[in-house]
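The figures that follow rest on heavy atoms only: side chains count, while hydrogens, waters and symmetry mates do not. Computed from a prediction, not measured in an experiment: that's the story for all the values here.
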Amino acid sequence: MPYVKIEVTREGVTREQKQALIKGVTDLMTNVLNKDPQLTHVVIQEIELDDWGFAGEQVSVLREKGITADKK
């Protein structure tokens, strides 16, 4: 029974985007590892910007500086 946890910052991920992630990860587990999609669990956890940090700073501060993970 595969379990996949996706953690993202709480920045407006839509219901449709979450559904696409769940479907995509389930399909990937099925196609690559031959896992039963009916037994594949995907959990998406949203983390507050103040509770996530890298490079020594909170993501909330990095966003204020205009630093994002968006593709250029």
Next on the checklist: With a 4.5 Å cut-off on side-chain heavy atoms, are E46 and K18 touching?
Outcome noted: yes
Checklist entry - Is V59 reachable from I67 through a run of I, L, V, M, F, W or Y residues, each pair having side-chain heavy atoms under 4.5 Å apart? => result yes
Item to check | Residue pair M29 / P2: nearest heavy atoms and the distance that separates them | outcome: CE-CB, 3.5 Å
Checklist entry - Are V8 and V4 linked, directly or through other ILVMFWY residues, by side chains that come within less than 4.5 angstrom of each other? => result yes
Checklist entry - Going by heavy atoms in the side chains, are L49 and R10 under 4.5 Å from each other? => result no
Item to check | Same apolar cluster (I L V M F W Y, side chains within < 4.5 Å links), V13/I6 | outcome: yes
Next on the checklist: The criterion is side chain to side chain donor-acceptor pair (under 3.5 Å); which residues satisfy it with S60, sequence neighbours excluded?
Outcome noted: D50
Checklist entry - Is a side-chain donor or acceptor of T9 paired with a backbone partner of E11 at a separation under 3.5 angstrom? => result no
Item to check | Check: K35 main-chain N/O paired with T30 side-chain donor or acceptor under 3.5 Å | outcome: yes
Checklist entry - Can you name the closest pair of heavy atoms from H41 and L39 and give their distance? => result CD2-O, 3.3 Å
Next on the checklist: Any heavy-atom pair between the side chains of V42 and L21 that's under 4.5 Å?
Outcome noted: no
Checklist entry - Quick one: do I22 and V32 end up in the same hydrophobic cluster if we chain Ile, Leu, Val, Met, Phe, Trp and Tyr together by side-chain heavy atoms under 4.5 Å apart? => result yes
Checklist entry - Honestly curious: do F54 and V61 fall in one hydrophobic cluster under the side-chain, below-4.5 Å linking rule? => result no
Checklist entry - Just how far is it from atom CG of D51 to atom CD of E7, taken to the nearest 0.5 Å? => result 11.0 Å
